[in-house]
Amino acid sequence: MLLLQTLREETDRVIEGLAKRNFKEAPMLVNEALTLDKQRRDIQKKGDDLKAKSNADSKKIGELIKNGKAEEANLLKNQIANDKQAIKADEEKLSELEKKLQDILYKIPNVPHAKVPAGKGAEDNKNVFEHGVVPQLYSGALPHWELIKKYDIIDFDLGVKISGAGFPVYKGKGAKLQRALINFFLAEAERAGYTELQPPIVVNEASGYGTGQLPDKEGQMYFVNADGLYLIPTAEVPITNLYRDVILQEENLPVKNVGYTPCFRREAGSWGAHVRGLNRLHQFDKVEIVQITKPEDSYNVLEEMCKHVQGLLGKLQLPYRKLLLCGGDMGFNSAMTYDMEVFSAAQQRWLEVSSVSNFETYQANRLKLRYKNKEGKMQLLHTLNGSALALPRIVAALLENNQTENGIKIPEVLQKYTGFDSIN
RNA sequence: GGAGAGGUGGGUGAGAGGCUUAAACCAACAGUUUGCUAAACUGUCGUACGGGUUAAACUGUACCGGGGGUUCGAAUCCCCCCCUCUCCGCCA
C-alpha cells in the first residue's frame, strides 16, 4: 500500500499517476484518505495531550499516598475520572478512523512509474522489441493440445478424473520435460547469483496481505478452510513474506532468491474458448526470481531481471517479444511491469510466459521490510519479482514450434536435463 | 489431539503494581590509546504515530507475543486467543 506521506506530499503525482491506470475512483479515494488522515492527527494530538496530563496526575497520586496525604489523593482520583472517559472516547474514535483509513489505503493501487504509458488494456501495451524468428511449420502441424495426445505426454482427462479441469497429468517424456525445464531454470538462476529456496506452498492470511493478494484477490486463491491457509498463486508470496517484519543489513543487499513451486489459481469465471490446453491452468509449475533492493537500485535491477528472463528464452530458441505494460494492464501492486511473450507457432498467438515487476515500496510498506541507510534512518526497501519462467506456455510453445513430421525436437540446452533429444 | 514450560529491545537475560526513563552483559557505532591488529577505556545506541522546526534541537503518546479487563497507575494481577519448546499420542 502507498505511504500516507506520499499521499500528503505528492498528492498531484499520485492522482495523475493513477489516472494512467484508468482508475476512476482515485481522486475520490485519495481525498478521502487525506481527510481521514487529518482527522486522525487531530484526534491523536487531543488524546495524547490528555494522556500526558493523566500520566502526570497518576504519578502525583502515587506521591501523595506515599506521603500519607490520602485525602488529597482521593480528590485527585475523582478529578481524573472525567479525563479517563474522554481518553477512552478518543481512543475509540481513533481506532475507527484508523480502520477506515486502512480500508481506503488497501483500495488504492500502486502509482505507475513515469515511463509507464496510460491505457485501458492489453491493446495499449508498448512493444519494446521482438527477438527471434517465427518458425515455418510443415503443413499439417498441430496445436499443442493435439500434440500431447499424439505423443501421450500430457493427459487432461486423467486430471479431470482425479481433480478437475485445469489439472493436467504429465506422463513419461512430458513429465521429464517438466522436470528438465525446472532444473534448467534453477541452474540458470543460480548462475546469475540467486539463492535457491523451497518455501511452503500454503500460506497464512498475514502473508496474503503482505504481498497484496489480500484483500484484492481473495477469490483467486484456493483456501483451506479448516486451517485458514491459502494455496499460493505464485512463489512470490511465500518468498517475499520471508522478509516480512525484517530489517536487513545494507551489506546483505540486494537479496536475490529463486524458488520453484507449483502455483494454484482458481481463475474463477475466466474459462473461455481461447484458453485451451496448457494456455491456462488451475495448477502449474513456475520458477520465480525475487529481489529486494535499495530504492535507488530497483530500476536497474528490473532491467537486469528482464535480461535474465530474455536469456532463458534465447537459450530455448523461442521467438519472443517484450512488452511494457500500460497502466490499465498492470497488476494492482506494481509500479512497472514488463511482460515476456513467446510466439506459439501452431496457435499463431503470443503467450505470456513471464511478468517482471517492480513494486517499489508498495509491498515493503505492508511487509515492514526495511534497512538502515547511511544516515542511520530506517528506510523501506523495494521488492521485485519475475517469472523465470512459468512452465505450461513454454511447453506449449516448445511443442508447437519444434514439431516436425518425425517428432518434437528438444532444444539443445535442455537435452542434458531431459536425457533425450526428441519426443516421438 | 493430551499434559507441562515458556514468549521482555539486534542477541542473551533481569524485573513480579508507583524506586523502570526496561537493569546488566554481548553485539553494533563513534572516539581515546596504538607502528598495525587485538585489547582496554569513554560515549552513543529501539520502533511507530503525532507536535515543533527551513532543517535540526526539543517534545507528547504508544509499544515487554496479540486482544480485552481490574486499578488513579500494569511488563508485573485477571480473562480469551496465538505461537514456540519438552513429553505423550498419531504419522511420511
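Protein chains get the first letters and strands the later ones, always in sequence-line order, with residue 1 at the start of each.
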Visitor: Phosphate oxygens OP1/OP2 of B:rU47: is one of them under 4.0 Å from a side-chain N or O of A:Arg370?
Guide: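 Answer no for this pair, as no side-chain N or O of A:Arg370 is under 4.0 Å from OP1 or OP2.
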Visitor: Could you tell me whether the phosphate oxygens of B:rG50, OP1 or OP2, come under 4.0 Å of any side-chain nitrogen or oxygen in A:Arg8?
Guide: yes
Visitor: Reading nucleotides 67-74 of chain B from the 5' end, what letters show protein touch, with B for base, S for backbone sugar-phosphate only, - for no heavy atom under 4.0 Å?
Guide: --S--BS-
Visitor: Are A:Ser334 and A:Asn110 close enough that a side-chain donor and a side-chain acceptor fall under 3.5 Å?
Guide: no
Visitor: Rounding to an integer number of Å, can you tell me how far A:Met378 CE sits from B:rC29 P?
Guide: 15 Å
Visitor: Between B:rA30 and B:rU8, how far apart are the two C1' atoms, rounded to whole Å?
Guide: 28 Å
Visitor: With nearest nucleotides of RNA chain B determined for A:Ile247 and A:Leu4 from heavy-atom distances, which residue corresponds to the more 5′ nucleotide?
Guide: A:Ile247
Visitor: What residues, two or more places apart in sequence or in another chain, satisfy ring pair (Phe, Tyr, Trp, His ring centres under 6.0 Å) together with A:Tyr230?
Guide: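 Scan of A:Tyr230 (ring pair (Phe, Tyr, Trp, His ring centres under 6.0 Å), adjacent residues dropped) gives A:Phe223.
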Visitor: Starting from the 5' end of RNA chain B, give me the residue, A:Lys45 or A:Glu91, whose nearest nucleotide shows up first.
Guide: A:Lys45
Visitor: Looking just at side-chain N and O atoms, do A:Asp285 and A:Tyr170 make a donor-acceptor pair shorter than 3.5 Å?
Guide: no
Visitor: Testing A:Lys45, A:Lys53, A:Lys51 for salt bridge (Lys or Arg N to Asp or Glu O under 4.0 Å) with A:Asp49, which one passes?
Guide: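 It is A:Lys45; the other options fail the test.
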Visitor: Does the side chain of A:Ile239 come within less than 4.5 Å of A:Thr261's, by heavy atoms?
Guide: no
Visitor: Any side-chain N or O of A:Arg41 under 4.0 Å from OP1/OP2 of B:rC49?
Guide: no
Visitor: Can you tell which of B:rA62, B:rG51, B:rG60 lies closest to the side chain of A:Gln44?
Guide: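 Nearest to the side-chain atoms of A:Gln44, counting from C-beta on, is B:rG60.
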Visitor: Quick one: look up who B:rA56 pairs with, Watson-Crick or G-U, both distances under 3.5 Å, and put none if it's unpaired.
Guide: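 WC or wobble partner does not exist here.
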Visitor: Find the distance between CG (A:Asn204) and CG (A:Leu229) and round it off to the nearest 0.5 Å.
Guide: 7.0 Å
Visitor: Between B:rG52 atom P and A:Asp48 atom CG, what is the distance in whole Å?
Guide: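 Result: 13 Å.
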Visitor: Would you please classify the geometry between the A:His113 ring and the A:Tyr299 ring as parallel, tilted or perpendicular, with 30° and 60° separating the classes?
Guide: tilted
Visitor: Please classify the nucleic acid contact of A:Asn55 as base, sugar-phosphate, or nothing, using heavy-atom distances under 4.0 Å.
Guide: sugar-phosphate
Visitor: Distance check needed: B:rG50 C1' versus A:Ile43 CD1, whole Å only.
Guide: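 These atoms are roughly 13 Å apart.
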Visitor: How far, in whole Å, is B:rG51 from B:rU71 if one measures between their C1' atoms?
Guide: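 Going atom to atom, C1' in each nucleotide, I get 30 Å.
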Visitor: Considering only the P atoms, how many Å lie between B:rC63 and B:rG9, rounded to the nearest integer?
Guide: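 After rounding to an integer number of Å, I get 15 Å for this pair.
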Visitor: Can you see whether A:Tyr151 has A:Lys173 sitting over its ring - NZ or CZ less than 6.0 Å from the centre and within 45° of the normal?
Guide: no
Visitor: Just the rounded figure in Å: distance from C1' of B:rA28 to OH of A:Tyr371.
Guide: 18 Å
Visitor: Nearest whole Å is fine: how far is B:rC29 P from A:Gln249 CD?
Guide: 10 Å
Visitor: B:rC91 and B:rA23: how far apart are their C1' atoms, nearest whole angstrom?
Guide: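 One C1' to the other, the span is 47 Å.
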Visitor: State the pairing partner of B:rA74; accept Watson-Crick or G-U wobble contacts with both distances under 3.5 Å, and report none otherwise.
Guide: none
Visitor: B:rG68 and B:rA74: how far apart are their P atoms, nearest whole angstrom?
Guide: 14 Å
Visitor: Round to the nearest Å and state the distance from A:Asp49 atom CG to B:rC49 atom C1'.
Guide: 14 Å
Visitor: Write down the partner of B:rG46 under the Watson-Crick or G-U wobble criteria, each distance required to be under 3.5 Å.
Guide: B:rC63
Visitor: Considering Watson-Crick and G-U wobble pairs with both distances under 3.5 Å, what does B:rU33 pair with?
Guide: none
Visitor: In whole angstrom, give the distance that lies between atom CG of A:Asp42 and atom P of B:rC49.
Guide: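 Going from CG in A:Asp42 over to P in B:rC49 covers 17 Å.
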Visitor: Are A:Glu188 and A:Arg191 close enough for a salt bridge, meaning some N to O gap below 4.0 Å?
Guide: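 Salt bridge between A:Glu188 and A:Arg191, a charged N being under 4.0 Å from a carboxylate O: yes.
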Visitor: Work out how far the C1' atom of B:rA55 is from that of B:rA62, and round it to whole angstrom.
Guide: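 Straight-line distance between the two C1' atoms is 26 Å.
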Visitor: Going by purine N1 to pyrimidine N3 plus the second Watson-Crick contact, or the G-U wobble pair, all under 3.5 Å, which nucleotide sits opposite B:rA16?
Guide: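 None - no nucleotide pairs with B:rA16, as no candidate has both distances under 3.5 Å.
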Visitor: How long is the line joining CG of A:Asp245 and P of B:rC83, in whole Å?
Guide: 17 Å
Visitor: So if I take every side-chain heavy atom of A:Arg40 and compare against B:rG50, B:rU61, B:rU47, which nucleotide ends up nearest?
Guide: B:rG50
Visitor: Using atom P of each nucleotide, how far apart are B:rU21 and B:rA75 to the nearest Å?
Guide: 10 Å
Visitor: How far does the P atom of B:rG15 sit from the matching atom of B:rU76, given to the nearest Å?
Guide: 15 Å
Visitor: In the strands shown, is B:rU86 matched to any nucleotide by a Watson-Crick or G-U wobble pair with both distances under 3.5 Å, and which?
Guide: B:rA3
